[in-house]
A.B. asks: 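This is the structure, below, for whatever I ask next.
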Amino acid sequence: MSLVMFILILTALISLLLVTLAFWLPTLNPDTEKLSPYECGFDPLGTARLPFSLRFFLVAILFLLFDLEIALLLPLPWGNQLSSPLITSLWATLILLLLTLGLIYEWLQGGLEWAE
């Protein structure tokens, strides 16, 4: 048996085992929370027209924005090995400056205040 075939069979068996466990384990100990159709903490029998705080969404978008900043800056160490690392550093500084100015603006406007 070739090594590739062995690895394919092994990964298929491990995947099948994990899928079986994922379907079998939750049925061992069911309770009212697990049987509830919603896991978000809201009453599933209440009205669906509850108002959401827009401030919550603003803070969530800010978290996503700064996660995106990290993803944009990840290639920076490899970019420093280019023939002109000054351009890479300039772009990274520009991204950080833009995001810092946006954060300062949100802070001054009171967008980061959770409670009024």
Side-chain angles (χ1 to χ4, degrees):
M1 181 182 286
S2 70
L3 181 64
V4 175
M5 195 64 169
F6 175 73
I7 290 175
L8 286 175
I9 291 173
L10 184 65
T11 55
L13 286 175
I14 290 174
S15 300
L16 185 64
L17 176 73
L18 289 175
V19 167
T20 305
L21 282 175
F23 281 113
W24 176 64
L25 283 177
T27 60
L28 290 179
N29 203 5
D31 61 358
T32 56
E33 293 298 323
K34 287 183 183 176
L35 296 176
S36 172
Y38 299 102
E39 296 178 357
C40 60
F42 295 112
D43 182 23
L45 303 176
T47 178
R49 303 287 182 201
L50 293 175
F52 283 101
S53 171
L54 290 178
R55 206 166 291 278
F56 171 77
F57 289 112
L58 177 66
V59 171
I61 287 173
L62 285 174
F63 278 123
L64 289 174
L65 181 70
F66 285 102
D67 283 344
L68 178 65
E69 168 205 357
I70 292 170
L72 287 174
L73 294 177
L74 276 176
L76 188 60
W78 291 281
N80 284 335
Q81 297 174 4
L82 294 174
S83 60
S84 60
L86 184 64
I87 295 173
T88 306
S89 299
L90 181 69
W91 278 109
T93 305
L94 185 66
I95 291 171
L96 285 175
L97 182 67
L98 183 65
L99 287 172
T100 304
L101 289 175
L103 180 65
I104 290 170
Y105 176 77
E106 286 293 327
W107 196 339
L108 292 177
Q109 293 295 320
L112 299 176
E113 297 294 326
W114 190 257
E116 295 183 25

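The first residue in the sequence is number 1, and the count goes up from there.
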A.B. asks: Got a sec, which hydrophobics cluster with V4, joining ILVMFWY side chains under 4.5 Å apart, including via others?
C.D. replies: L8

A.B. asks: Starting from F6, can I reach I9 by hopping between I/L/V/M/F/W/Y residues whose side chains sit under 4.5 Å apart?
C.D. replies: yes

A.B. asks: Could you see if L13 belongs to whatever hydrophobic cluster contains V19? Use Ile, Leu, Val, Met, Phe, Trp, Tyr and a side-chain cutoff under 4.5 Å.
C.D. replies: no

A.B. asks: Atom CD of E106 and atom CG of L65: how far apart are they, to the nearest 0.5 Å?
C.D. replies: 9.5 Å

A.B. asks: Kindly work out whether a path of hydrophobic side-chain contacts (I/L/V/M/F/W/Y, heavy atoms less than 4.5 Å apart) joins L10 to L18.
C.D. replies: yes

A.B. asks: Would you compute the distance between atom CG of L16 and atom OG1 of T11 and round it to the nearest 0.5 angstrom?
C.D. replies: 11.0 Å

A.B. asks: Linking I/L/V/M/F/W/Y whenever any side-chain heavy atoms sit under 4.5 Å apart, do L99 and I61 land together?
C.D. replies: no

A.B. asks: For residues 90-98, tabulate all N or O donor-acceptor pairs below 3.5 Å that involve a side-chain atom, not counting sequence neighbours.
C.D. replies:
| from | atom 1 | to | atom 2 | distance (Å) |
| --- | --- | --- | --- | --- |
| T93 | OG1 | S89 | O | 2.7 |

